[in-house]
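Scroll down for the structure; my scribbles are underneath it.
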Amino acid sequence: MKEIGGYFELELPKGKEYHQKAIRLNTGRNAFEYILRAKSYTKVYLPYYTCDVMLEPINKLNLKYDFYPIDSTFNPIFDFSLIKENDVFVYTNYFGICDGQVKILSKKCKNLIIDNSQAFYSKPLSGIDTFYSARKFFGVPDGAYLFTDKELEEDFERDFSYKRFEHLLGRMDVNAESFYTSFKRNDKALENQPIKIMSKLTQRILQSIDYEEAKRIRSNNFQTLHKSLEKMNLLNFELEKNAVPMVYPLLIENGLEEKKRLIENKIFIATYWPNVFRWVDKNSYEYKLTESLLPLPIDQRYEKNVMNEIISVLI
Ligand SMILES: Cc1ncc(COP(=O)(O)O)c(C=O)c1O
């Protein structure tokens, strides 16, 4: 029976999710597992330059896998004739700036999965299995969207997220540093979970976001940083017209020192991805990206003045 009256729940504006036609799941890695199972793939080609949680479903399903390198334009260095009927090739839309690479790949690679964890706004291409992870772009602890033409017949349990909100609430009430341990703990709690349906709480929050406004701010912030930092950026990229990046990726020779300086100025910079140091050779491009690429924040929390602060630390 429906519960009526009594105490209130959290109140949020009610709008629409960005990916309304997607399958809603608990995490990106579980969306990846869903595709691997639905398509009965037996071997996976993964980029060296990705997050190690992508191995969770591969190991759980006991699949074979191999890594491939990327070049300085984030394109795979790979012989696509290697892909057999039950093999699949995974490509990451890095930082949300690789829509062009995704389009080209979709034409030349037969069994393809697009990992749009870093490209929430990039629409899926027709017929291409594509997944998203909401927490990289918005204040939710979990949640993923999946587009695929093959649905699993199972009835998955629904996830509950309410115990994983402490860092989100604590950052808002106190500050980020005090709740960093809580963030790590809640991140860890997503490990080795079964495929679940997205929690009602996460979905409800994702219905309350002003996606157009977040998009506008992200695009403007990206352009502000790009105008000032383009000359020092070793990355050469062309942003597609509608792209909405996750961060501004700045690659410089002394990235490690600059990262320390940014952090001293309380500009928190992630490392994508520490596991790559273990997977590749010191002389590889992936090692350089992991060590020296600065993913600068451009998200909807910040306006131009904050971008200028970031620029002033770097120049
Ligand atoms: C590139 C990439 N793909 C997939 C994932 C997995 O997403 P989730 O944490 O929602 O499982 C992550 C990060 O965790 C990621 O960085």
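For ligands, and for the atoms within them, numbers begin at 1 and follow the listed sequence.
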**Message:** Is the contact between W273 and ligand 1 made by the side chain, the backbone, both, or neither, using heavy atoms and a 4.0 Å cut-off?
**Reply:**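 It is the side chain that gets close, since no backbone atom is under 4.0 Å.
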**Request:** Select one of side chain, backbone, both or neither to describe which atoms of T27 lie under 4.0 Å from any atom of ligand 1, heavy atoms only.
**Result:**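 Under 4.0 Å from ligand 1, T27 contributes backbone and side-chain atoms.
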Protein contact of [atom] - nearest heavy atom, named by residue and atom, plus distance:
atom	value
atom 9 (O) of ligand 1	R135 NH2, 2.4 Å
atom 6 (C) of ligand 1	V53 CG2, 3.6 Å
atom 15 (C) of ligand 1	C51 CB, 3.7 Å
atom 1 (C) of ligand 1	D115 OD2, 3.4 Å

**Asked** Cationic tip of K110 within the cone over F89's six-membered ring, i.e. under 6.0 Å and within 45° of the normal?
**Response**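 Cation-pi check for K110 and F89: fails.
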Under 6.0 Å between the ring centres of [X] and [Y]?
X	Y	result
F120	F138	yes
F147	Y145	no
Y211	F137	no
Y287	F277	yes

**Message:** Looking at ligand 1, is there an atom of it that comes within less than 4.0 Å of some heavy atom belonging to L190?
**Reply:**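 No, L190 has no heavy atom closer than 4.0 Å to ligand 1.
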**Message:** Using only atom types and a distance under 3.5 Å, with no angle test, would you say the side chain of R261 pairs donor to acceptor with the backbone of V313?
**Reply:** yes
**Prompt:** Is the side chain of Y94 donor-acceptor paired with the backbone N or O of Y49 at a distance under 3.5 Å, no angle test?
**Reply:** yes
**Request:** Kindly determine whether R37 and E154 satisfy side chain to side chain contact (heavy atoms under 4.5 Å, CB included), including the steps that lead there.
**Result:** CA-CA 11 Å; R37 284 171 53 182; E154 271 169 72; 2.3 Å; yes
Below 3.5 Å, N or O to N or O, backbone or side chain included: is there any such pair between [X] and ligand 1?
X	value
T50	no
S133	yes
Q118	no

**Request:** Identify which of E56, M54, K136 has a heavy atom lying nearest to atom 12 (C) of ligand 1.
**Result:**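 Closest candidate by heavy-atom distance is K136.
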**Message:** Tell me the nearest of G28, P47, S117 to atom 5 (C) of ligand 1, using heavy-atom distances.
**Reply:**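 It is S117 whose heavy atom sits nearest to atom 5 (C) of ligand 1.
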